[in-house]
Amino acid sequence: GGLKFEVDILKGQKTGFYLDQRENRKRIGEMARGKSVLNVFSYTGGFTVYAFNGKCAGVVEIDSNRFALEAAKNNLKLNFPGDEFSSLDYQQMYGDAFKLLAELEKEHKKFDIVILDPPAVAKNKAHKKNALLAYTRVVKAGARRTQEGGVLFAASCSAPVEAREFYHAVDLGIKS
């Protein structure tokens, strides 16, 4: 799509960039015009770059990895150099996603688009139950930060978690 990304293939998670999210990033960009975006577990900012490319109103990123947040900022600067970058309504929050989502709730901040794309929660089948509980919990927190009529995007890269199990956990999080 003409966008540029720096990728650390040696020290980054897995390949350093999640190519399987390409179509989802594109879709977020298509729906972002004029919208506020919360990108939780933002990693290197792929969704953020696409959202700004789609002319979103602004993005708040949350991640617990300082190097990932720095990489996200660098990826934005690659695509929106100089004054263009400094004019973006862009904020990063470093720390635990659950705590920061609770902080945003206390501040009554809501977003038109909320993206929840955590790293793998279940490394094997023994972790699946806890992973499903974590997905439900993060979706609940993300849904509470989603503006009425907004979009909540949730993803899972935990191989032991089957799609139907993930969808059920998401459904529980939205309804609770």
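Along the sequence shown, residues are numbered consecutively beginning with 1. Only this structure's heavy atoms are used, side chains among them; waters, hydrogens and symmetry mates stay out.
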Item to check | Criterion side chain to side chain contact (heavy atoms under 4.5 Å, CB included) on Phe166 and His168, from CA distance to verdict | outcome: CA-CA 5 Å; Phe166 178 68; His168 181 68; over 6 Å; no
Checklist entry - Between Asp63 and Asn39, does a side chain to side chain contact (heavy atoms under 4.5 Å, CB included) hold up when you go through it step by step? => result CA-CA 9 Å; Asp63 206 287; Asn39 185 5; over 6 Å; no
Next on the checklist: Run Lys35 and Met31 through side chain to side chain contact (heavy atoms under 4.5 Å, CB included) and show every step you take.
Outcome noted: CA-CA 8 Å; Lys35 308 283 189 202; Met31 63 175 65; over 6 Å; no
Item to check | Intermediate values then yes/no, side chain to side chain contact (heavy atoms under 4.5 Å, CB included), Leu104 and Leu38 | outcome: CA-CA 10 Å; Leu104 290 171; Leu38 175 62; 4.0 Å; yes
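Ala120 approaches Cys157 most closely through the heavy-atom pair N-SG, 3.2 Å. Closest of all the heavy-atom pairs between Ala122 and His127 is CA-CB, 3.7 Å. Taking each heavy atom of Val121 and Ser158 in turn, the nearest pair found is N-OG, 2.8 Å. Phe80 and Asn53 get closest at one heavy-atom pair: CZ-N, 3.6 Å. Leu152 and Gly142 make their closest contact through CD1-C, 4.0 Å (heavy atoms, listed as atom of the first residue, atom of the second, distance). Looking at every heavy atom in both residues, Asp117 comes nearest to Ala155 through OD1-CB, 3.5 Å.
Residues forming a side chain to side chain contact (heavy atoms under 4.5 Å, CB included) with Lys106 (at least two apart in sequence, or on another chain): none.
Val40 has its side chain out of reach of Ile115: every pair of non-hydrogen atoms, C-beta onward, lies at least 4.5 Å apart. Counting heavy atoms from C-beta outward, Thr44 and Val7 have side chains that stay 4.5 Å or more apart. Counting heavy atoms from C-beta outward, Leu76 and Thr48 have side chains that approach closer than 4.5 Å. Counting heavy atoms from C-beta outward, Cys56 and Val59 have side chains that approach closer than 4.5 Å. Residues Ile62 and Phe41 have side chains not in contact (no heavy-atom distance under 4.5 Å, counting atoms from C-beta outward). For the pair Asn75 and Lys4, the minimum side-chain heavy-atom distance is 4.5 Å or more. For the pair Phe47/Asn24, a side-chain contact is recorded, criterion being any heavy-atom separation below 4.5 Å from C-beta on. For the pair Phe52 and Val37, the minimum side-chain heavy-atom distance is 4.5 Å or more.
Taking NZ from Lys55 and CD from Glu30, the interatomic distance works out to 14.5 Å, rounded to the nearest 0.5 Å. Here CZ of Phe153 is found 11.0 Å from CZ of Arg27. Values are rounded to the nearest 0.5 Å. Interatomic distance, Lys77 NZ to Leu88 CG, rounded to the nearest 0.5 Å: 11.0 Å.
In this pair, Phe5 and Tyr50 present their aromatic rings parallel. The plane angle is below 30°, not in the 30 to 60° band.
In Phe67, the CZ atom is not crowded: 12 or fewer heavy atoms of neighbouring residues, nucleotides or ligands sit closer than 6.0 Å. The 12-atom threshold is not exceeded at CG of Asp83, counting heavy atoms of other residues, nucleotides or ligands nearer than 6.0 Å.
If you chain together hydrophobic residues whose side chains sit under 4.5 Å apart, Leu132 and Tyr167 fall into the same group. When hydrophobic clusters are built by joining Ile, Leu, Val, Met, Phe, Trp and Tyr residues whose side-chain heavy atoms come closer than 4.5 Å, directly or via intermediates, Ile113 is not grouped with Leu116.
Looking at Lys128 and Glu165, a side-chain N of the basic residue comes within less than 4.0 Å of a carboxylate O on the acidic one, giving a salt bridge.
Between the side chains of Tyr94 and Gln92, no donor-acceptor pair of N or O atoms lies under 3.5 Å. Under 3.5 Å, the side chains of Ser36 and Asp112 contain a donor-acceptor pair of N or O atoms.
The side-chain hydrogen bond (donor to acceptor under 3.5 Å, both in side chains) contacts involving residues 137-149 comprise Glu105-Arg144, where partners must be two or more places apart or lie in separate chains.
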